[in-house]
Amino acid sequence: MTKFTSFLLLAAIASFSAAAPVATTTTATEFVTVTATAPIATPTLEKTEEPLVTAAAADIYTSSIKYKGKATWFTDSYGSCGVNWDGNSEPIVALSAQMMGAQSWGHPACNKKVRIALRDNPSKTVIARVVDKCPGDQCDYGSLDLSPAAFKQLSHLDTGILNIEWNFV
């Protein structure tokens, strides 16, 4: 580390340590956001709540709600729900990160079954078990990532992406 960089780092630490002390506590469902505004180096604290699963979120798992999205397929054998599976023989799905949120293991969606149908051919369906979370940059809200066993019941793997409608069962 150069002397100049060390000086800047020490100056930044000194300016934050000179701020008035702030007492805060957090729980598993509370997060504290620290925001520093220039040119004053005194941080402000904003308490935000982000529950793992809210009562309203629990309603998304009813069978009466139909979701529309895209289906892709993936290969793996262990996921966010903490269970092993064989995706070549068992129809399983990864739920979108937007639907599953931050919680994984112990999430209410884990091990629930979903009925997936092709939008352009609703008679083609598969029932699969939720065992994983699909990353937010790969699955939009309402989209699912299917195991090869689930995807093949709807179409050929070379199709790659399907337009689907699905619901919890």
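None of these values were measured; they are calculated from a predicted model.
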Can you see which heavy atom on A128 is nearest to which on I116, and at what distance?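 Scanning both residues completely, I find the closest heavy atoms to be CB-CD1, 4.3 Å.
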What closest approach, in Å, do P91 and S147 show between heavy atoms, and which atom pair accounts for it?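 Residues P91 and S147, closest heavy atoms: CA-OG, 3.5 Å.
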Judged by modelled atom types alone, do T72 and D145 share a side-chain donor-acceptor pair under 3.5 Å?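 Short answer, yes.
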Any side-chain donor-acceptor pair under 3.5 Å between D86 and S89?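 A pair is found: one side chain offers a donor N or O, the other an acceptor, under 3.5 Å apart.
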Without swapping roles, check the side chain of W166 against the backbone of V114 for a donor-acceptor pair under 3.5 Å.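 Here the side-chain-to-backbone pair does not exist.
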Drop me the distance from [X]'s [atom1] to [Y]'s [atom2], to the nearest 0.5 angstrom.
X: L162; Y: D120; atom1: CG; atom2: CG; result: 8.5 Å
X: D140; Y: Q98; atom1: CG; atom2: CD; result: 6.0 Å
X: D132; Y: W85; atom1: CG; atom2: CH2; result: 4.0 Å
X: T125; Y: I164; atom1: OG1; atom2: CD1; result: 12.0 Å

Tell me, please, which residues at least two apart from [X] pass side-chain hydrogen bond (donor to acceptor under 3.5 Å, both in side chains).
X: T75; answer: none
X: S155; answer: T159
X: S96; answer: none
X: K112; answer: none

Pairs flagged by salt bridge (charged side-chain N to carboxylate O under 4.0 Å, His left out) wherever residues 157-169 is involved - sequence neighbours left out: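 Qualifying pairs: none.
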Can you name the residues that form a ring-ring contact (aromatic ring centres under 6.0 Å, His included) with F74, not counting sequence neighbours?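 Partners of F74 by the ring-ring contact (aromatic ring centres under 6.0 Å, His included) criterion come out as none, since no residue qualifies.
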When you group the ILVMFWY residues by side-chain heavy-atom contacts below 4.5 Å and let the links chain together, are [Y] and [X] in the same group?
X: V131; Y: M99; value: no
X: W73; Y: L118; value: yes
X: I161; Y: Y141; value: no
X: L144; Y: I92; value: no

Listed by chain and number, what are the side-chain contact (heavy atoms from CB on, under 4.5 Å) partners of P122, not counting sequence neighbours?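 Result, side-chain contact (heavy atoms from CB on, under 4.5 Å) vs P122: none returned.
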For A109, side-chain contact (heavy atoms from CB on, under 4.5 Å) partners two or more places apart: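 Applying side-chain contact (heavy atoms from CB on, under 4.5 Å) to A109 gives Y61, L95, H107, V130.
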Please give the remaining members of the hydrophobic cluster of I127, linking ILVMFWY side chains under 4.5 Å, ordered by chain and number.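 Joined to I127, directly or through intermediates: V169.
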Chi angles and distances behind the side chain to side chain donor-acceptor pair (under 3.5 Å) call for N167, S63: CA-CA 6 Å; N167 62 288; S63 60; 5.3 Å; no
Begin from the C-alpha positions of L157 and F151 and carry the test side chain to side chain contact (heavy atoms under 4.5 Å, CB included) through to its verdict. CA-CA 7 Å; L157 292 179; F151 198 95; 3.7 Å; yes
Within residues 128-169 or reaching into it, pairs that qualify as disulfide (SG to SG under 2.5 Å) - sequence neighbours excluded: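 Sorted result for residues 128-169: C134-C139.
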Pairs where residues 140-169 contributes a residue and the test disulfide (SG to SG under 2.5 Å) is met, not counting sequence neighbours: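 Every candidate disulfide (SG to SG under 2.5 Å) pair involving residues 140-169 fails, so no pair, neighbours aside, qualifies.
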Flag side-chain contact, heavy atom, 4.5 Å: C81 against M100: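 Yes, side chains in contact.
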Set of salt bridge (Lys or Arg N to Asp or Glu O under 4.0 Å) partners for E90, sequence neighbours left out: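 Salt bridge (Lys or Arg N to Asp or Glu O under 4.0 Å) check on E90 returns R129.
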